[in-house]
Amino acid sequence: GMPAIVNLSLGSYLGSHDGNDPATDYIESLLDEHPGRIVVGAAGNAGAKGKYHVTGNIDADTSFVWLQNNPSSGAAFGANHIYFDLWSDLSDGVFDYAFGADLPSPLYGLRGSTIYRPAQASVGTPIFDTIFNSLGNRIATIEIYTELIDGNYHMEAYFSNVDSTAYNFRFSTTGSGKYDLWSGAWLGLNNLITTLPSPTVLPEIIHYHMPDSLQTIVSNWACSEKVITVGNVRNRLGHIDNNGNQYYPSTDMTPPGKLSPNSSVGPSRHGLTKPDISAAGDVSLTAAPFWLLTNPTYNTLIDSGGWHARNGGTSMASPCVAGIAALYLEKCNKANYASFKSDLIATAFTDSYTGVVPNNSYGFGKPHALNLLQATEFTATILGSNVTCGNPPSILSISSSSPLASAIWSNGGIGLTDTISAAGEYSALVYSTRGCAVQSDTITVTQLPLLPILPIMQSGNTLASLSFTDYQWTLNGIDIPGATNQTLDITAPFGTYTCYCTSDDGCISETPPMTITLGLNGIDSQEIML
C-alpha cells in the first residue's frame, strides 16, 4: 500500500525489443494497477560493441546480410557455429527466406544455398536444412525455429555444423516485409559483416542489408513506454583510491557529462525514443558492502575515504534516476509513472554534449532533480467572505493551479470546502490529485454583529417576540407567509415555532424554538368526536 520504485539494472540484448513481451506486459499491468509505482531500468552497456543489429527492409529484389563464422572455443554454442535472433511484426513477417554461403574476399560469389521458404510456413515446427556446394559437398547444416508470439514473428537460426569455416554465411530475403536481426561475436555469437566488395566485384551487393549500431539497448522492459530507461554519462574523470593513487580509466578518458561510449542506444524496434534520459554512471563512487571495504585487495576500487567503491555503466546511472523517482513519490505519493516521466522530460536539461533532443543516445537529455521536484509545486488560495454572521454559516473554498483531491483545514475540517460560524484565521494543507501537498494562504474572518431578539412568549393563543425590526415567523422550519409582526396568533395544526430577524448585513438572529401541541384546554370552538 505504499509508494514503490523498482530499479532494474539487468536485461538481455536479444529479444523482441518492442516492449510487448510477457515480462514487460506484466510490469506494465502493475504500473497501471495503482498510482505511486515507478520502474526504472538500465539501457545496457553495448554502445561500443559494434554493428550487431540489422534492419531488413525487404522488396522484390533478393537482399541479404552476411554473418561471419566464429571460431572461438568460448563462443556460446562452441567454435564454428552461427546463430541469430530475428523479430518482425506479424504483418511484416511475410517474406521468403533462404540461407547461403559466399566465398570471402577477394573472390566473392555464392557457392551454395537452401531453397526459399515463406517465413510463416511450418511455424512452430523445427526445420532442418543443409547448404551444399556445386559439387554436392556439405558446407553447413541449419536448424530453424519459428514461432508467433505477442503479435510478432520470431525466428532463431542456428548453424549446427559448419564444415567450411572460411565462408561468409548469408541470410537472404525476398518479397515484402521487414525484420530486425541481432547477433554479435561479443555475445558469443557472430559478427555481421560490414566490409563489402564494390558492385563491380559483386553486383548484387547493392541489395545488401547493412548492419548498424542502433538498437543496442537491452530488450524487454527497457523498450516499454511506461518504464524509464536510462543511458550513462560520465560522472567524474577519476578519483584517489584507497592506496592514495590517482585512478583514471586506462583507455576511456571521456570527459564528465559526456555519454559513455559503452552506453546502449535506441530506438526500440517500433521507433520509440530510448533511452528516455541519461544520468551519471561511469566512475561513480557509492555505498559498498563492508566485506569489500575491509579487504585491501579491493583498495584500487575504494575511494580515499574508505567508505565508497567505484562502479559504472547504465547499471549505476539507472539507480541515480530511481533515487530521483523516490524523492518525487516522497513529495507526491499518488503520482504515477506517467506524471513522473512527463515531469522528468519537461525539466531535463541539454548541453553541448547532448545536442538536440530527443535522440537515440541521450534520450530527452539529463535529469534535473531540483527542477523536477519544483515542477510539482502549485498554489492554493482560500476563497470566501472575510466576514461571517455565524448564522447562516460561511463557506470557504479553495482555488488552485492544480487539480485537487483533498484538504485538511486549520480548524480540523476535511474536504475542499469548509463551513465556519466563528471569527478567526483559516488556512488549509491542500493535496493535489497526485498527492503533492502545499500550504494555502490564510484568510482572516471577522464576526458581524447580530440584532438582539428575545425568546418567544406565549399568552393564550398568541406568541410574541421582541426585536428591533424585520420579524419573520416560521412553523416547522418554514416561513409563515405574511407572519412578519411582533406577535403571531396561532391555530391548529400546531408545531414548532421560531421567529427571526435579519440585519442589513444579512445576519440572522433567531429565537429558540417553541413547540405547541394540541391540548384539551383552550379548545373552545372545536368539536371532539369520540
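Scope of the values below: all heavy atoms of this structure, side chains included, with no hydrogens, waters or symmetry mates.
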Proximity of Y167 and F159 rings by center, below 6.0 Å: no

Distance flag, aromatic centroids of F171 and F64, threshold under 6.0 Å: no

Closest heavy-atom pair and its distance - Y52, A46: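 Looks like OH-CB, 3.3 Å.
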
Which atom of G19 lies closest to which atom of T24, heavy atoms considered: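 Answer, listing the atom of G19 first, then T24: O-CG2, 3.3 Å.
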
Is the closest side-chain donor-acceptor distance between [X] and [Y] under 3.5 Å?
X: D21; Y: N220; result: yes
X: N45; Y: N262; result: no
X: D212; Y: H53; result: yes
X: T347; Y: N371; result: no

Pair D343 + R434, salt bridge at N-O below 4.0 Å: yes

Electrostatic pair D32-K226, nearest N-O below 4.0 angstrom: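 A salt bridge is present here (some side-chain N lies under 4.0 Å from a carboxylate O).
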
Reported OG1-to-CD1 distance for the pair T174 and I58, which is rounded to 0.5 angstrom: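 Answer for the OG1-CD1 pair, T174 versus I58, is 8.5 Å.
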
Donor-acceptor pair, side chain of S410 and main chain of S427, under 3.5 angstrom: yes

Member of Y158, F77, F169 meeting the ring-ring contact (aromatic ring centres under 6.0 Å, His included) criterion with Y83: F77

